[in-house]
Amino acid sequence: MKDRFEIAADLREIAGLLKLKGENPFKAQAYERGAAALEKLDNDLSALVKARRLQQIPGVGSALAAIIEEIYLTDECWLLEQLRTSLPPGAAEL
């Protein structure tokens, strides 16, 4: 199970890949804000996930809450995998 800092790193990677693909910059910014909010979180992430109250975190809407919950519960993220496979190998490192 990933902790909030590992999840924040995944969210930042999603943001970076979205930018690299030229996606909506506001969407990428939302993932950046979500990552920052998780890093600053005072509450117990586990309790928020179990109570389905991730949207109580400032800057976390329903779509981002679903991604955070998915990563927390499965250690995987469909969106991150999709973005990784949509780019040529090594593109993200450039």
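The shown structure was predicted, so the numbers you read here are calculated from the model rather than taken from an experiment.
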So which atom in Lys19 and which in Ala28 form the shortest heavy-atom distance, rounded to 0.1 Å?
CG-CB, 3.7 Å
Does Leu73 have any side-chain contact (heavy atoms from CB on, under 4.5 Å) partners at least two apart in sequence or in another chain, and if so, which?
Val49, Glu69
Separation of Ile71 CD1 from Leu38 CG (nearest 0.5 Å)
9.0 Å
Heavy-atom pair of closest approach, residues Pro58 and Ala37
O-CB, 3.5 Å
Once side chain to side chain donor-acceptor pair (under 3.5 Å) is applied, what residue pairs with a partner in residues 21-37 remain, sequence neighbours excluded?
Arg12-Glu32, Lys21-Ser86
Do Ile7 and Leu45 have side-chain heavy atoms sitting under 4.5 Å apart?
yes
Restricting to pairs with a member in residues 40-51, which pass salt bridge (charged side-chain N to carboxylate O under 4.0 Å, His left out), not counting sequence neighbours?
none
Do Leu48 and Ile68 pass the side-chain contact (heavy atoms from CB on, under 4.5 Å) test, and can you show the C-alpha distance, the side-chain angles, and the key distance before you say yes or no?
CA-CA 11 Å; Leu48 290 174; Ile68 292 169; over 6 Å; no
Atom CG in Asn43, atom CZ in Arg53: separation rounded to 0.5 Å?
11.0 Å
Only pairs under 3.5 Å count here: list side-chain donor-acceptor contacts from residues 74-84, not counting sequence neighbours, and write none if there are none.
unit_1, atom_1, unit_2, atom_2, d
Thr74, OG1, Glu70, O, 2.6
Thr74, OG1, Glu76, N, 3.1
Thr74, OG1, Glu76, O, 3.1
Asp75, OD1, Lys2, N, 2.9
Asp75, OD2, Met1, N, 3.3
Glu81, OE2, Arg84, NH1, 2.8
Arg84, NE, Glu13, OE2, 2.9
Arg84, NH2, Glu13, OE1, 2.8
Arg84, NH2, Glu13, OE2, 3.3

Given 3.5 Å as the limit, does a donor-acceptor pair link the side chain of Arg4 with the main chain of Glu39, or not?
yes
side-chain contact (heavy atoms from CB on, under 4.5 Å) between Leu64 and Ile57: does it pass, once the steps are laid out?
CA-CA 11 Å; Leu64 189 52; Ile57 301 171; over 6 Å; no
